[in-house]
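Have a look at the structure below, then the notes.
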Protein chains: 2
Amino acid sequence: MPRTTDGDGTPVPQRLLAAATRLFAEQGYDRTSVQEIVEAAGVTKGALYHYFGSKDDLLHEVYARVLRLQQERLDAFADADAPVEKRVRDAAADVVVTTIDNLDDASIFFRSMHQLSPEKNRQVRAERRRYHERFRALIEEGQRTGVFTKETPADLVVDYHFGSIHHLSTWYRPNGPLSPQEVADHLADLLLRALRP
Amino acid sequence: MPRTTDGDGTPVPQRLLAAATRLFAEQGYDRTSVQEIVEAAGVTKGALYHYFGSKDDLLHEVYARVLRLQQERLDAFADADAPVEKRVRDAAADVVVTTIDNLDDASIFFRSMHQLSPEKNRQVRAERRRYHERFRALIEEGQRTGVFTKETPADLVVDYHFGSIHHLSTWYRPNGPLSPQEVADHLADLLLRALRP
DNA sequence: CCGAACATACCGACTGGTTAGTCTGGCGCT
DNA sequence: AGCGCCAGACTAACCAGTCGGTATGTTCGG
């Protein structure tokens, strides 16, 4: 058997990605050396450059993982068979819980976009835009059917809510007084109250 | 006369700070070399290290400037003689306008905190906390007097709103469809509607 | 009113250290 | 006997900060 799972049981590429995620979140992308990553994963540079093309690729993988996960979840909630009000609420609360469950991913996501190569940056932006559009469409549906106020442009509403998601990794602490679900409920309440006609 | 204002009219320290601010916002702190900064300011390293103790100091100056400005403005609005509802609205809208007027500062502020030395980081956090407390006190006053709903903890409300401020530098474009004041009005509306009992 | 001593503002070559990525080679499986 | 998987030494580039040096004011005794 090749040594793909040397030492611990999980395969090397995943160990590398996990180590990179943690270190990027703790110290930032630029402050984390490739050497640190391979040491944390218990391998050497040879292994890293066997599986990934560059340090940049590693970061890109983190983005791809987050984007895929969030888009899947949003689609599921948005396509559900329920009144708009409930679909928005569920989607808005879910993204909060998911973000808190992966706080490392979140802090990397919002702090390190500009360290991606221009090409990968564009790709991530495009994916992110798809996500934004889907959410906006939901809000607009509510506005058209009269459940939500039309006073604020849907775009702005989406940016308003995702600002607070973005901000979570700055202030949320797992040992704080509120559980992820409680935070999610409060933030979803705020959004829905702001949308009330 | 010493050459403090060689070439262009503004003094060297301010030219350095301005160049650093722009470059930090464009490329990030770690990606910006001291050499780039001094070239953009039209001086050399000697000048920079004459006025600033380190590259880190330069970043700290940016933070100090932003914090001082925002705290002053918040205090002014919060201490005004008007109903809580109006004071909150004015303060919430003003921070949006001020942030948009200094978008570079804003992107640096939220992306580069963790690149500050531990000591300076603590200092900035402490200042930021004062700001947060002041704003929270305003919200709580409104909740006590029954103008705002008590359903959401004031702390969370503050983080919710400042998440969107934080996020502004990600999506706002000066040549977009909305003026800073329009964005500010919309965001303040969203906040006040979310607080409506 | 003058000039020596001092102070301020800056220049730019240099240093010691770090970094991403490469490359050669070898181990173990099929 | 070949190939996927990986080790680890190596390289070329870069970077923050230092330091001796110079040019331009300012102060103050005589």
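Given the structure is predicted, the values throughout are model-derived calculations rather than measurements.
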Worksheet item: Lys150(A) pairs by side chain to side chain contact (heavy atoms under 4.5 Å, CB included) with which of Glu140(A), Gln143(A), Arg144(A)?
Response: Gln143(A)
Discussion item. Hydrophobic cluster membership, with links at side-chain heavy-atom distances under 4.5 Å among I/L/V/M/F/W/Y: are Val95(A) and Val62(A) in one?
Written reply: no
Item to complete: List the protein contact pattern of nucleotides 18-24 of chain C with one symbol per nucleotide (5' to 3'): B for base contact, S for sugar-phosphate-only contact, - for none; contact means a heavy-atom distance under 4.0 Å.
Response: -SBBB--
Fill in: Ring centre gap for His167(A) and His167(B) strictly below 6.0 Å
no
Worksheet entry | Beyond-backbone contact of Arg31(A) with Glu26(A), side-chain heavy atoms, under 4.5 angstrom | no
Worksheet item: Taking the six-membered ring for Trp, are Tyr160(B) and Tyr160(A) parallel (under 30°), tilted (30 to 60°) or perpendicular (over 60°)?
Response: perpendicular
Worksheet item: Atom CG of Leu59(B) to atom P of dA16(D): distance rounded to whole Å?
Response: 13 Å
Worksheet entry | Rounded interatomic separation in angstrom, taking CG from Leu48(B) and P from dC15(D) | 15 Å
Worksheet item: Given atom CD of Gln115(B) and atom C1' of dA16(D), what is their separation to the nearest angstrom?
Response: 15 Å
Discussion item. Please tell me if His50(A) has a side-chain N or O lying less than 4.0 Å from either OP1 or OP2 of dC6(D).
Written reply: no
Discussion item. Quick check: do Tyr29(A) and Asp56(A) have side-chain heavy atoms less than 4.5 Å from each other?
Written reply: yes
Worksheet item: In whole Å, what is the span from the CG atom of Asp57(B) to the P atom of dA16(D)?
Response: 14 Å
